[in-house]
Amino acid sequence: MLEMNTPFYYYNTDLLNSNLNNLVEASKKYGIDVHYALKANYNERILNIIQSYGLGADCVSGNEVKRAVSCGFEGKDIVFAGVGKSDREILDALASDIFCFHVESVQELEVINELANSVNKVARIALRLNPNVEAETIAQITTGTSDNKFGVHHNDIEAAISGLKSMENVQFIGLHFHIGSQITNMNVFANLSKKVNYYYDYFTNNGCDVSYINLGGGLGVNYYDPTEAPDFDAYFKVFRDHLNLAEGVNLHVELGRSVVGQCGDLYTRVLYMKKATHKEFAIVDAGMNDFMRPALYKSYHKIEKYTGGEATKQYDIVGPICESTDTFAKDVELPELRRGDVVVIKTVGAYGEVLANRYNLRDDIRAYYSDECLVEV
Ligand SMILES: *Cc1c(COP(=O)(O)O)cnc(C)c1O
């Protein structure tokens, strides 16, 4: 039996597979293509599973494009967004013949045109527009309001359109939007749809042929109830109900969190118990370097004691890092904890392992998979 030293990520591949089945079924029903956003989790085993369902890939760096290709995604299924694509990254993506660059500024458009010219290619591009839609999520993961750095802002659209008409090495195919992450209110996507309708008409009326619309990602997961599966059907339906586009426009989305969020848990062991005047701390062997979301966003994650039991106590669950933000949860109700007990931080499959780092020169955290071994801690 494997000796499983804590802390570690544990991926439930059955849950991932069933989630992917739901996703693919819903995407076929509504005729919307899905790209998986690698940024949420680019673990190779996870990517191989996702790729086997025929999804495309959404990348935000040149290395993500390379990782997608090495895990079996074909260039024709890869899209590439990002406000700061370097020349090297653009040239590599051109060499991989990716499906589309999601272009975030007029200057970037000029650079892609020049670089594509230098290698005798024509780059397919979609303009990422900043639609000024409030995502009703936490500020750090809101991306589609006019105060964010992302996308072509409204005032630059005319310049982008006239630039496009004179550029020979970029081919405009459509529009891209991504307004934020962990969005749970479907009205937000209804509002986005109205903006999409507006811009679709605007570009079409200005002589730009829109055959591709990518609505971005952002569908949230239920962090309070890790057993509730994401409702992909409702998500796709809201777009079909509110979008008003000509027949034949290809719709795409690029989901990250909702694909992988629930299939990962973080196992960590209590090292020490410490009583303060008003609080009791459980100091665990995972730190904010292993799992950053609570420190970065104050995000909520359900925490359970591995062996279960009735919740009778309140603890702050904190890590060993020399930072006060190294706190996974405050005043969480749990069964009594002692040194050596294992606690499980739930729903860490997205933006968990990818954000891990070696701050304090700690070890890299490792991962296990349910189809490889059962947890035995
Ligand atoms: C992060 C990101 C996504 C995925 O967002 P989720 O909230 O994880 O679904 C999609 N598109 C772009 C451009 C992104 O930056």
Side-chain angles (χ1 to χ4, degrees), residues 16 19-20 23 26-27 32-43 46-47 50 55-65 68 77-85 89 93 98-105 108 125-131 133 135-145 148-152 174-186 188-189 192 196 212-223 230-232 235-236 238-239 251-264 293 296-297 299 347-355:
L16 177 60
N19 202 36
L20 283 161
L23 174 59
S27 90
I32 298 179
D33 286 344
V34 181
H35 297 256
Y36 168 64
L38 266 77
K39 159 172 131 248
N41 190 321
Y42 45 67
N43 176 313
I46 301 288
L47 277 183
I50 293 171
L55 271 55
D58 164 47
C59 303
V60 290
S61 76
N63 284 344
E64 284 192 359
V65 174
D77 298 320
I78 296 175
V79 294
F80 182 15
V83 283
K85 302 178 191 74
E89 290 177 310
I98 64 163
F99 171 60
C100 189
F101 290 84
H102 292 159
V103 174
E104 308 223 6
S105 70
E108 183 191 332
I125 69 103
L127 291 179
R128 176 177 182 171
L129 300 184
N130 184 320
V133 171
E136 296 181 22
T137 182
I138 44 183
Q140 292 91 332
I141 52 177
T142 293
T143 54
T145 72
N148 293 119
K149 69 180 174 182
F150 299 99
V152 176
L175 304 174
H176 171 241
F177 303 84
H178 173 68
I179 57 172
S181 198
Q182 186 51 20
I183 298 167
T184 52
N185 179 353
M186 291 301 120
V188 169
F189 295 117
L192 171 62
V196 173
Y212 162 77
I213 290 201
N214 188 316
L215 300 155
L219 177 64
V221 296
N222 189 340
Y223 283 103
D231 192 347
F232 296 115
Y235 169 72
F236 290 127
V238 77
F239 289 122
L251 282 186
H252 293 232
V253 294
E254 39 192 35
L255 296 172
R257 186 189 310 272
S258 53
V259 180
V260 291
Q262 285 175 320
C263 77
R293 293 192 75 251
L296 203 55
Y297 310 130
S299 63
T347 323
V348 300
Y351 307 107
E353 198 183 352
V354 281
L355 278 163

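Note that the numbering runs from 1 along the sequence shown for the chain. Atoms within a ligand are numbered from 1 in the order they appear, just like the ligands themselves.
Proximity to Y351 (heavy-atom distance under 4.0 Å) selects the following atoms of ligand 1: 1 (C), 4 (C), 5 (O), 6 (P), 8 (O). Remark: ligand 1 atoms within the under-4.0 Å shell around heavy atoms of R257 are 6 (P), 8 (O), 9 (O). Annotation for ligand 1: atoms under 4.0 Å from non-hydrogen atoms of S181 are 6 (P), 7 (O), 8 (O). Below 4.0 Å from some heavy atom of L255 lie the following atoms of ligand 1, by number and element: 9 (O).
The side chain of A37, and not its backbone, has at least one atom closer than 4.0 Å to an atom of ligand 1 (non-hydrogen atoms only; side chain from C-beta on). Only the side chain of D58 comes within contact range of ligand 1, with a heavy atom under 4.0 Å; no backbone atom does.
Note: I78 CD1 to L38 CG = 8.5 Å, rounded to the nearest 0.5 Å.
Both tests hold for K85 against F80: distance to the six-membered ring centre under 6.0 Å, angle to the ring axis within 45°.
Checked by distance only, ligand 1 and K39 come closer than 3.5 Å through their nitrogen or oxygen atoms. Checking only distances, E254 does come within under 3.5 Å of ligand 1, N or O to N or O. The distance criterion of under 3.5 Å between nitrogen or oxygen atoms is not met by A40 with respect to ligand 1.
In this structure, H102 and H176 have parallel ring planes: the angle between them is below the 30° cut-off, well short of the 60° mark.
A distance-only check finds a donor-acceptor pair linking the side chain of E104 to the backbone of G82 [under 3.5 Å]. Although no hydrogens or angles enter the test, the distance criterion places no donor-acceptor pair under 3.5 Å between the side chain of E254 and the main chain of L215. The backbone N or O of S258 sits less than 3.5 Å from a side-chain atom of N19, completing a donor-acceptor pair.
F99 and Y212 have their aromatic ring centers within a separation under 6.0 angstrom.
Ligand 1 has G218 within reach: a non-hydrogen atom of the residue lies less than 4.0 Å from it.
When every heavy atom of A126 is checked against every heavy atom of C100, the shortest pair comes out as N-SG, 3.3 Å.
In terms of protein heavy-atom proximity, atom 3 (C) of ligand 1 is closest to H178 CE1, 3.4 Å.
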